[in-house]
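Just so we're on the same page: letters track the sequence lines, and every chain starts at 1.
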Protein chains: 2
Amino acid sequence: MGRPSLQEQRTAEILTAYELCVARHGLDGATQERVAAQAGVKRTLLRHYLGNKDEMVEALIKHVVARFNSETDQMIAALPKTARPKALLDILFGPLGITETASVLTINALGAASDRFPKARTGLLAAMERMHDAVAKELSQDYPDADITACRAAAFGICHLYFSIDSLMMLDPPQDWLDQARQAANTHLLNLEGTLK
Amino acid sequence: MGRPSLQEQRTAEILTAYELCVARHGLDGATQERVAAQAGVKRTLLRHYLGNKDEMVEALIKHVVARFNSETDQMIAALPKTARPKALLDILFGPLGITETASVLTINALGAASDRFPKARTGLLAAMERMHDAVAKELSQDYPDADITACRAAAFGICHLYFSIDSLMMLDPPQDWLDQARQAANTHLLNLEGTLK
DNA sequence: AAATTGATTGTCATATTTGAAAATTTATTC
DNA sequence: GAATAAATTTTCAAATATGACAATCAATTT
């Protein structure tokens with residue numbers, strides 16, 4: 001009984017706002033005031049739902065890692081039945097990218113502070129490895145004759161090219177760059193086509 | 001007459017400390033206190049040499065862009081007479097990288113705040129373009145038969161793979177990743193060898 | 001409509017950050 | 001060693017950030 005809980009909803013709203021602030025201002029620059037303003041709530045609500053600052057950071061790390069993993073899953077799930085690698089590049093380097101919430105910037109900021117937050121380090125490493133693996137799996141399925149090591153290298157190249165591009169979106173880079181990124185990513189596919197085991 | 005000026009030396013020391021703090025804590029998390037502690041001076045000296053916070057940020061941007069350009073030049077200057085592209089990969093993905101001062105992390109943090117500091121945006125874009133051009137030039141010189149567009153794409157892929165790797169060094173990634181990065185970068189060279197105009 | 005559970009707001013003390021200026025110290029030249 | 005220019009330290013006020021807790025408001029159940 002009693003008033004229905006908004007715990008989940010509010011927590012998600014606040015963490016999304018937090019994510020955005022961290023992307024723009026860095027982990028230590030994402031003050032409670034800023035996050036509260038971004039989320040459109042009073043600062044004291046942050047404490048109510050997420051506890052003190054250390055606990056907020058812990059929650060943020062979990063949230064970011066979960067989102068990262070979720071986006072990896074969505075990306076794979078969105079692939080068609082055929083020509084999956086090309087479609088994957090369309091998703092990563094297409095007009096949108098997965099870049100809704102500047103998530104790679106948040107990841108960078110968390111990574112930069114990972115010496116103070118060990119869980120950020122382990123969580124991000126695991127999430128990235130997970131993405132590497134998912135992409136590598138796609139590649140070796142579509143290029144069954146290619147060397148597995150080559151597939152992993154290609155997957156790595158594609159993933160991190162995407163990370164770099166996504167980090168740079170704040171700079172509003174020229175279209176050239178996006179085209180080159182796409183072409184560079186495609187090079188990895190071409191290489192797998194050409195190089196047999 | 002009068003006491004000899006330490007302007008240049010102190011300014012450089014402070015900006016280097018500032019750079020490090022921005023890499024770790026983000027632009028807004030790099031407080032004057034932190035920078036002063038990192039530089040080993042009193043906080044008020046920052047003001048003495050660099051003015052108020054906005055002026056400090058402006059100076060930091062100039063410093064970072066200058067360093068970036070300088071490192072690009074050094075990198076090119078360090079290449080041997082022959083097999084320059086391979087040597088370039090050795091520099092970028094070798095045991096050290098150019099990663100002395102976590103400069104790519106600083107660049108990420110500045111980029112993330114570039115909507116508030118237009119000079120960061122223009123400066124970083126120009127410096128990156130400069131690096132792209134330098135690498136592309138090396139590639140097209142060593143692979144004169146390769147398409148110029150392909151060279152640019154390869155240069156882009158190599159540069160940004162490096163950026164991504166360098167950003168991730170704080171996570172102390174497994175050796176695998178570094179190997180894969182190197183191999184992925186090398187793929188771009190192989191592609192230029194194989195693809196003729 | 002009374003009780004209850006949780007959302008929301010308000011307040012206060014404390015600590016950190018920043019800005020600004022004055023006072024002091026130190027190294028050089030004449 | 002007096003004058004001088006610059007480094008360095010000291011000090012104070014204002015703004016911002018955080019933590020902790022109390023008070024109020026709103027929706028649901030019995």
B/Ala154: side-chain contact (heavy atoms from CB on, under 4.5 Å) partners, not counting sequence neighbours: B/Leu139, B/His188, B/Leu192
Distance test, side-chain N/O of B/Gln32 to OP1/OP2 of C/dG19, below 4.0 Å: yes
Could you write out each protein N or O paired with an N or O of nucleotides 24-28 of chain C at a distance under 3.5 Å?
residue, atom, partner, partner atom, Å
C/dT26, O4', B/Arg3, NH1, 3.3
C/dT26, O2, B/Arg3, NH1, 3.4

Please set out all donor-acceptor pairs under 3.5 angstrom arising from side-chain atoms of residues 111-124 of chain A, sequence neighbours excluded.
residue, atom, partner, partner atom, Å
A/Ser114, OG, A/Gly111, O, 2.8
A/Ser114, OG, B/Met170, O, 3.4
A/Arg116, NH1, A/Asp28, OD1, 3.1
A/Arg116, NH1, A/Asp28, OD2, 3.1
A/Arg116, NH2, A/Asp28, OD2, 2.8
A/Arg116, NH2, B/Arg24, O, 3.3
A/Arg116, NH2, B/His25, ND1, 3.4
A/Arg121, NE, B/Leu171, O, 2.7
A/Arg121, NH2, B/Asp172, O, 3.3
A/Thr122, OG1, A/Pro118, O, 3.4
A/Thr122, OG1, A/Lys119, O, 3.3

Give a yes-or-no answer on whether the side chains of A/Ser167 and B/Asn108 include a donor-acceptor pair shorter than 3.5 Å. no
Please tabulate, for side-chain N and O atoms in residues 54-65 of chain B, each donor-acceptor pair with protein atoms closer than 3.5 Å (sequence neighbours left out).
residue, atom, partner, partner atom, Å
B/Glu55, OE1, B/Asn52, N, 2.8
B/His63, ND1, B/Glu19, OE1, 3.4

From CD of A/Glu33 across to P of C/dT16 the rounded distance in Å is 17 Å
Enumerate the side chain to side chain donor-acceptor pair (under 3.5 Å) contacts for residues 128-138 of chain A, please, sequence neighbours excluded, ordered by first and then second residue. A/Asn69-A/Arg130, A/Asp73-A/Arg130, A/Arg84-A/Glu138, A/Glu129-B/Trp177, A/His132-A/His160, A/Asp133-A/Arg152
Sub-4.0 Å heavy-atom contacts from residues 44-62 of chain B onto DNA chain D, ordered by number: B/Thr44, B/Leu45, B/His48, B/Tyr49
Span of DNA chain D in contact with chain A (heavy atoms, under 4.0 Å): D/dA17 to D/dT29
Excluding sequence neighbours, so at least two apart, what forms salt bridge (charged side-chain N to carboxylate O under 4.0 Å, His left out) with A/Arg10? A/Glu13
Listed partners of A/Thr11 passing side-chain contact (heavy atoms from CB on, under 4.5 Å), at least two apart: A/Gln7, A/Leu15, A/Tyr49, A/Leu50
With B/Arg182, which residues qualify under salt bridge (charged side-chain N to carboxylate O under 4.0 Å, His left out), at least two apart? B/Asp90
Under the side-chain hydrogen bond (donor to acceptor under 3.5 Å, both in side chains) test, residues paired with A/Arg34 that sit two or more places apart: none
Whole-Å gap separating P (C/dG6) and CD (A/Gln9): 16 Å
Tell whether A/Arg43 reaches the base of C/dG10 with its side chain through a donor-acceptor pair below 3.5 angstrom. no
Grab the CD-P distance between A/Glu8 and C/dG6 for me, whole Å please. 14 Å
For B/Gln175, check side-chain contact (heavy atoms from CB on, under 4.5 Å) against everything at least two apart and list the hits. B/Leu178, B/Asp179
